Amino acid sequence: MLYVAMLSIIDQDLNAKVRPAHLDYINDLYKQGKVVMAGPFTDKQGGLVIYKADTQEEALRLAQADPVVKEGARTLELREWNPLNFPLG
């Protein structure tokens, strides 16, 4: 199953400090097949990570372990996502 983590920045200075660890963390999870895609929003107010996990609990554990969440630089909103398969019909 796929889960979307919306990560809104609440502390710009702390986010800048922790961002390298965040990028290392999601890159490692990508190599493990646990992150499908990730990236910042163009307004520079946060970003999103799409996790691949067996359960919502696993996805939540992965998202909460992200350094930007753990250190309090960003908020976390995690939602299960069911993408459409195109073309439809």
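All residue numbers refer to positions in the sequence shown, counting from 1. Since this is a predicted model, take the numbers as computed values, not measurements.
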Check: In chain order, what residues pass the salt bridge (Lys or Arg N to Asp or Glu O under 4.0 Å) check against E58, with sequence neighbours excluded?
Finding: K34

Next item on the list: List for me each residue that meets side-chain hydrogen bond (donor to acceptor under 3.5 Å, both in side chains) alongside E77, sequence neighbours excluded, and say none if there are none.
Entry: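 side-chain hydrogen bond (donor to acceptor under 3.5 Å, both in side chains) check on E77 returns nothing, list empty.
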
Next item on the list: Output, in order, the C-alpha distance, side-chain angles, deciding distance and verdict of side-chain contact (heavy atoms from CB on, under 4.5 Å) for I50 and L48.
Entry: CA-CA 7 Å; I50 300 175; L48 69 81; 3.8 Å; yes

Check: Remaining members of L23's ILVMFWY cluster at a side-chain heavy-atom cut-off under 4.5 Å?
Finding: M1, Y3, L7, L14, V18, Y25, I26, L29, Y30, V35, V49, Y51, L60, L62, V68, V69, L76, L78

Which atom names give the shortest non-hydrogen contact between [X] and [Y], and what distance separates them?
X: K44; Y: I9; value: O-CD1, 3.7 Å
X: E80; Y: Q56; value: OE1-OE1, 4.4 Å
X: D11; Y: G72; value: CB-O, 4.5 Å

Margin query: Count I, L, V, M, F, W, Y as connected when their side-chain heavy atoms are under 4.5 Å apart, and connections chain through other members. Are F41 and M37 then in the same cluster?
Written below: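 The answer is yes; both residues are in one hydrophobic cluster.
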
Next item on the list: To the nearest 0.5 angstrom, please state how far the CG atom of N27 sits from the NE2 atom of H22.
Entry: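 So the CG of N27 and the NE2 of H22 are separated by 10.5 Å.
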
Check: If you measure from CD on Q45 to CZ on R74, what distance do you get to the nearest 0.5 Å?
Finding: 10.5 Å

Note to self: Please check if the number of heavy atoms outside D43 that lie under 6.0 Å from its CG is greater than 12.
What the structure shows: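 Enclosed: over 12 neighbouring heavy atoms sit under 6.0 Å from CG of D43.
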
Checklist line | Criterion side-chain contact (heavy atoms from CB on, under 4.5 Å) on K17 and E71, from CA distance to verdict | finding: CA-CA 10 Å; K17 179 181 173 187; E71 297 296 323; over 6 Å; no

